[in-house]
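One structure below.
Just so it is clear: chains get the letters A, B, ... in the order the sequence lines come, proteins before strands, and each one is counted from 1.
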Amino acid sequence: MTAPQESSPAAPEEARRADFIRERVRADREAGKHGGAVLTRFPPEPNGYLHIGHAKSICLNFGLAREVGGRCNLRFDDTNPSTEDEEYVHSIQADVRWLGFEWDALYYASDYFAQLYAWAEELVTKGQAYVCDLGGEELREGRGAGKNSPYRERGAAENLELLRRMRAGEFADGARTLRAKIDMAAPNMNLRDPVMYRILRAPHHRTGNTWCLYPTYDWAHGESDALEGITHSICTLEFENHRPLYEWFLRAIGVAQQPQQIEFARLNLTYTVLSKRKLLRLVKEGRVSGWDDPRMPTLSGLRRRGYTPEALRLFCERIGVAKFNSTVDMVQLENALRDDLNKRAPRVMVVLNPLRVVIENYPAGEVEWLEAVNNPEDPAAGTRKVPFGRELFIEREDFRSEAPKNYWRLKPGQEVRLRYGYYVTCTGFELDAATGEPVLVRVRYDPATRGGDSPDKRKVKGTLHWVSAAHALEADVRLCEHLFRTAHPEDVPAGVDFLDNLNPDSLRVLTGCKLEPSLATATAEQRYQFERHGYFCLDARDSRPEHLLFQRAVALRDTWAKLEHKEGAPK
RNA sequence: UACCCCGUGGUGUAAUCGGUAACACGUCUGACUCUGACUCAGACAUCCCAGGUUCGAGUCCUGGCGGGGUAACCA
């Protein structure tokens with residue numbers, strides 16, 4: 001395992017609480033199982049983009065291996081060419097690396113097709129598998145009813161011949177299957193003579209047309225684990241019922257040391273969906289702009305949104321691993337990002353909804369470059385100079401012609417601080433004749449408060465960010481809200497589509513936002529804190545030097561908005 | 001319906017051989033503050049229910065109740 005190079009906000013493995021899987025691995029090592037070795041694997045099927053739920057599995061598999069000096073492989077579970085594509089193979093590798101992990105070996109289940117087939121012939125010879133002529137419907141019904149297939153007692157020689165003819169392409173797709181001969185009366189459905197091979201003529205992204213026979217998940221997965229020497233095969237809960245079959249196959253092929261399958265609960269998150277099928281629908285039906293739409297819970301979407309690998313890893317560490325089906329609150333994810341970025345994102349002043357301010361007693365044409373702290377949480381980040389002048393922009397939200405007394409911002413007669421600038425007092429304002437909205441605010445400044453401190457130590461409650469009108473850069477800013485309007489979008493009555501729960505206001509783009517000039521050198525990799533707003537980054541795909549587009553990753557906590565919302569709420 | 005798994009504060013997790021509920025986030029209070037941010041302090045749990053074993057049970061046993069998964073030639 002190679003450790004990620006960058007610093008982790010997650011205080012590297014300090015007294016991490018052991019989950020039941022780590023507990024189990026620890027016990028296995030103490031018992032000397034597998035000679036104390038630990039080899040895990042992350043086994044995605046290349047049929048979609050990775051999402052935050054996969055991050056949980058990646059952090060578990062790679063993280064666990066790293067903690068105990070073990071190894072972890074990346075293995076593509078490419079046994080169903082009809083849904084898989086190379087595009088996904090590339091994106092998955094990029095996403096795993098971006099998250100901060102490097103695999104010890106890269107494999108494909110298709111690497112093992114020949115070996116798997118050889119084993120299948122062995123099982124046939126030993127009478128542990130047979131060729132079944134039942135069609136899909138009959139087969140399913142037979143398994144449900146626990147009824148033996150009429151082909152179950154076919155002789156080994158005939159089975160072997162038929163299997164070879166299947167492989168040679170003599171039969172139509174779906175005409176026959178190879179089935180394990182286990183127990184049609186087993187209470188566990190998976191043991192009722194499960195299918196090992198189906199005939200499927202689909203070009204495979206790696207093996208091309210060399211096979212018209214593809215192994216099922218059950219017949220490929222444990223065997224792949226065994227071939228790689230996996231010690232702990234960690235998967236999600238829905239495979240729990242498959243474990244007896246996993247173990248049966250391993251015994252049948254006679255591996256010396258069995259990998260141990262362990263299941264954990266997959267991640268559920270509020271206000272989004274985390275199933276590949278549903279995410280694929282969002283993309284295919286054009287409800288989002290693509291897999292990397294910043295509202296998507298995909299790793300590529302989160303990356304574009306402004307999430308950092310550190311934040312995602314911190315999130316995965318915080319949510320833990322268990323067998324209980326649970327739903328994690330989205331704020332947990334957002335908070336992991338805030339915690340990460342608060343410590344390292346440079347601060348910058350940006351006015352999203354500009355309102356013009358004129359300082360009546362400030363000399364026209366004068367410009368002062370005032371010193372601003374880049375990151376109060378990190379003195380090493382230093383300072384920068386921001387230009388100040390007679391005309392500024394402030395946030396529309398920061399002025400009210402009429403306001404309650406707990407409104408600390410600018411209102412007639414009230415003094416506030418312009419961050420790193422001066423104290424100013426509102427002396428007047430102008431309204432738009434048509435809309436009644438303020439279009440200009442007049443203030444007077446106190447020259448003695450340069451830099452934002454008053455010599456007489458008088459206090460002002462409010463501090464506003466601002467941008468000099470003469471120096472402002474312009475940009476568009478994209479603000480995203482939850483993709484779905486309900487916490488559990490999949491909870492819909494029968495007949496109702498979960499897409500009905502999409503949030504129609506999940507995407508908003510502000511134009512004409514005013515930025516301090518230092519942002520001229522912004523890069524897509526850099527995350528900024530727009531003071532009093534949140535964390536933002538340049539959109540890696542749509543921003544242009546001549547037309548900047550910033551993306552908000554997450555807003556700052558907003559106690560004032562919460563307070564006001566509460567007071568304004570109807571009684 | 002059958003089989004399997006699970007059930008600890010609002011949420012997500014923890015509690016080595018049974019010893020008297022911990023951590024994170026959230027929420028509410030308050031303090032601090034040149035970001036109504038950050039930070040800091042305090043508050044918030046009848047451990048699903050009912051019996052049983054025990055000096056003592058979230059932990060063990062029995063029976064309920066509740067939730068989830070599976071019942072593809074998907075993974």
Integer angstrom distance from the [atom1] of [N] to that of [M]:
N     : M     : atom1 : answer
B:G68 : B:A50 : C1'   : 24 Å
B:G56 : B:C48 : C1'   : 22 Å
B:G18 : B:G51 : P     : 24 Å
B:U54 : B:U13 : P     : 35 Å
B:A41 : B:G58 : P     : 30 Å
B:A14 : B:C25 : C1'   : 15 Å
B:C3  : B:G63 : P     : 14 Å

Spacing of [X] atom [atom1] relative to [N] atom [atom2], expressed in whole Å:
X      : N     : atom1 : atom2 : value
A:H242 : B:A72 : NE2   : P     : 10 Å
A:L139 : B:A71 : CG    : C1'   : 13 Å
A:R198 : B:C74 : CZ    : C1'   : 7 Å
A:K562 : B:U29 : NZ    : P     : 10 Å
A:R22  : B:U16 : CZ    : P     : 18 Å
A:L556 : B:U35 : CG    : P     : 11 Å
A:D329 : B:U27 : CG    : C1'   : 11 Å
A:R347 : B:U33 : CZ    : C1'   : 14 Å

Holding to salt bridge (Lys or Arg N to Asp or Glu O under 4.0 Å), I want the full list of residues that pass it with [X], two or more places apart in sequence or in another chain.
X      : value
A:R532 : A:D398
A:E228 : A:R75
A:E490 : A:K278
A:R281 : A:E285, A:D497

- Query: Could you write out RNA chain B as a dot-bracket string, with dots for unpaired bases, | for bases paired across to another strand, and Watson-Crick or G-U pairs counted at under 3.5 Å?
  - Reply: (((((((..((((.....[..)))).(((((.......)))))....(((((..]....))))))))))))....
- Note on the structure: The answer to which of A:H533 and A:I319 contacts RNA chain B further toward the 5' end, by nearest nucleotide, is A:I319
- Task: Assign each of A:Q332 and A:R417 to its nearest nucleotide of RNA chain B by heavy atoms, then name whichever residue's nucleotide is nearer the 5' end.
- Result: A:Q332
Can you name the atoms? Protein N/O to nucleotides 39-43 of chain B N/O, anything below 3.5 Å, with the distance.
none

- Message: Over all strands shown, is A:Y407 touching base, sugar-phosphate only, or nothing at heavy-atom distances under 4.0 angstrom?
- Response: base
Does either side chain, that of [X] or that of [Y], offer a donor lying less than 3.5 Å from an acceptor on the other one?
X      : Y      : value
A:T216 : A:R198 : no
A:E395 : A:H465 : yes
A:H221 : A:D77  : yes
A:Y423 : A:E415 : no

- Note on the structure: From the candidates B:G36, B:A75, B:U13, the one with an atom nearest any side-chain atom of A:F239 is B:A75
- Task: Sugar-phosphate atoms are those with a prime plus P, OP1 and OP2; base atoms are the rest. Using that split, label each nucleotide of nucleotides 4-9 of chain B B, S or - for protein heavy atoms under 4.0 Å, 5' to 3'.
- Result: SSSS--
- Think A:R409 forms a cation-pi with A:F399, using NZ or CZ under 6.0 Å from the six-ring centre and within 45 degrees of its axis? no
With sequence neighbours left out, what residues match [X] under ring-ring contact (aromatic ring centres under 6.0 Å, His included)?
X      : answer
A:Y151 : none
A:F388 : A:Y362, A:Y422, A:W466
A:Y107 : none

Quick one: is [X] getting a side-chain N or O under 4.0 Å of the [N] phosphate, OP1 or OP2?
X      : N     : answer
A:S326 : B:U13 : yes
A:T559 : B:A37 : yes
A:N335 : B:G26 : yes
A:T463 : B:G36 : no
A:R140 : B:C73 : yes

- Query: Is any N or O donor-acceptor pair between the side chain of A:R532 and the base of B:G36 shorter than 3.5 Å?
  - Reply: no
- Item | Sequence-distant partners of A:R143, side-chain hydrogen bond (donor to acceptor under 3.5 Å, both in side chains), two or more places apart | none
- Item | Derivation of the ring-ring contact (aromatic ring centres under 6.0 Å, His included) call for A:Y49 and A:Y88 | CA-CA 6 Å; A:Y49 278 66; A:Y88 303 121; 5.7 Å; yes
- Task: Hey, can you tell me if A:H533 and A:F536 have their rings parallel, tilted or perpendicular (30° and 60° cut-offs)?
- Result: perpendicular
- Message: Would B:A22 be called syn or anti here, given the cut-off of 90° from 0?
- Response: anti
- Message: Below 4.0 angstrom, which residues in residues 186-197 of chain A have at least one non-hydrogen atom near RNA chain B?
- Response: A:P187, A:M189, A:V195
